[in-house]
Protein chains: 2
Amino acid sequence: MAGIRAQQKEKTRRALIQAALNQLCPESSFSSLSLREVSREAGIAPTSFYRHFQNMDELGLTLVDEGGLALRQLLRQSRQRIAKGGSIIEISVHTFMDYVTHNKNIFRLMLQEQAGTTKDFRLAIAREIDHFKQELTDYLKAERNIPAELARAQSDAIVRVVFSAGADSLDLQAEDRARLTAQTILQVRMVARGANSMLPPNLSEPNVS
Amino acid sequence: MAGIRAQQKEKTRRALIQAALNQLCPESSFSSLSLREVSREAGIAPTSFYRHFQNMDELGLTLVDEGGLALRQLLRQSRQRIAKGGSIIEISVHTFMDYVTHNKNIFRLMLQEQAGTTKDFRLAIAREIDHFKQELTDYLKAERNIPAELARAQSDAIVRVVFSAGADSLDLQAEDRARLTAQTILQVRMVARGANSMLPPNLSEPNVS
DNA sequence: AAATTCAGCGTACACTTGTTAGCTGAAATG
DNA sequence: CATTTCAGCTAACAAGTGTACGCTGAATTT
């Protein structure tokens, strides 16, 4: 029942995924990868590629799904750390930046295909970002008693700032990245404070940071 | 002195630029355009392309420069409208959104190549965004008496939010775009208020909107 | 043990691509 | 008017692409 065959198939499937990931660097985007190159790096014939994916897009969507999942898991873990005390803003931003730093290729892929050419990609990535946004909105409503519409606008703004900063961080060295992270935290606090100041006064809380 | 020859050359140069612009749609990115396709649409032989640009990248950089220039001019005009009274935030965001709506292809190009594969592109686009950011920073320092570092962080956040919203607006119909624009204005006000609340109290002004 | 499945292979085809080399004829220059 | 310049052309090339077809042999099923 181990399935020697299925096992081997899964192995070369991973090889394809890994090959694609390896070829994603600042100098070549996913959409510029060719089926043949990826197959070559994975060590199989070009035609065998089709045993695993219908085309390159399907491979790409797999990468997006896996990358998004990993990010969501990380943020879930970080929320547990918050329960034990600590600033939600600070920890979340750091978690996000760490993810970007250690998954540059996947994050770059997401950035590129977010504005890219294939509708399925754009939708898949929009969905990932929406998850992020939705969880933040829920948090703001539940833990901070912020009314729905304001919470939506606030988390939308925060996600925009953080993702955009993540994009810029790709090209930075550790030191500059730390500076950028610090600035991002400050900016998220701006948004939070600004949003708070728009609450009906009886709802507002003393401090958000 | 009219220069019949130079005149004709300029004309086909514009034809090339226009051809490239025409082929930029949601379904095909600039980096996927081929020199041959563009030349074909412009009505010249592929080899004649080289009489005008060294390669496609050079054409692309021209597009970025022209697009960025147009945007900056628009914003300069809108700042004059502000001098006559009106909310700087509201007018600027509307101006920006209008630009995006009427120059979708160029804006899409900028989004794509911002995270793209060619360093020159990334730098050129970063420079355009920096202009935007710098002018906003100067405004905040001069007109609002906000200290340098805070002004930088604030305008950085605002630019991130606005550009990101502009990206999302590309796919929307007029009605949804209006909603997004309204939300963006709200978000920019959040940032402005939040930043204001971080001022040393003797500097703070009563109202930013 | 026989029959079936199927991941991976080699061959082949029709395209598209960027770029070189050299020609042409009208515009510009003297 | 003679000469030079040069935008645009045709032809040709080597290189790369996605994909259809049919074969093989080991793993699986019957």
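In what follows, chains carry the letters A, B, and so on, assigned in the order in which the sequence lines appear, proteins first and then strands, with residues in each chain numbered from 1. Values below: every heavy atom of this structure, side chains too, minus hydrogens, waters and symmetry copies.
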Within the structure, does a side-chain N or O atom of A/T12 lie under 4.0 Å from either OP1 or OP2 of C/dG8?
-> yes
Under 3.5 Å between N/O atoms: give me all the protein pairs with nucleotides 12-16 of chain D, atom names plus distance.
none

A/K9 NZ to D/dG25 P, in whole Å, measures 21 Å
**Message:** With a 4.5 Å cut-off on side-chain heavy atoms, are B/S87 and B/R189 touching?
**Reply:** yes
**Asked** So B/F132 and B/F163, would you call those rings parallel, tilted or perpendicular, with 30° and 60° as cut-offs?
**Response** perpendicular
Q. Thinking salt bridges, do B/R160 and B/D156 make one under a 4.0 Å N-O criterion?
A. yes
In whole angstroms, the gap separating P of D/dG8 from CD of B/Q7 amounts to 13 Å
*Could you verify whether a donor N or O on one side chain and an acceptor N or O on the other, from B/S29 and A/T117, lie under 3.5 Å apart?*
no
One should read off an interatomic distance between B/L111 CG and B/L170 CG, to the nearest 0.5 angstrom, of 6.0 Å
Rounding to 0.5 Å, atoms CG (A/D176) and OG (A/S169) come to a distance of 11.0 Å
Only residue of A/Q73, A/R72, A/R79 satisfying side chain to side chain contact (heavy atoms under 4.5 Å, CB included) with A/L75 is A/R79
Here the distance between atom P of C/dA7 and atom CZ of A/F53, to the nearest Å, is 13 Å
To the nearest angstrom, the CD-C1' distance between A/Q8 and D/dA27 comes to 12 Å
Pair A/R81 + A/E90, salt bridge at N-O below 4.0 Å: no
In whole angstroms, the gap separating P of C/dT19 from CZ of B/F49 amounts to 9 Å
Close N/O contacts between protein and nucleotides 28-30 of chain C (under 3.5 Å):
from   : atom 1 : to   : atom 2 : distance (Å)
C/dA28 : OP1    : B/I4 : N      : 2.8
C/dA28 : OP1    : B/R5 : N      : 2.9

A/K11 NZ to D/dA27 P, in whole Å, measures 13 Å
Looking only at heavy atoms, the pair that brings A/A192 and A/Q154 closest together is CA-NE2, 3.5 Å
Between OH of B/Y50 and P of D/dC9 the distance, given in whole Å, is 15 Å
Heavy-atom nearest nucleotide on DNA chain C taken for A/A45 and for B/R51; more 5' hit belongs to A/A45
Separation of C/dT19 atom P from B/E58 atom CD, nearest Å, is 12 Å
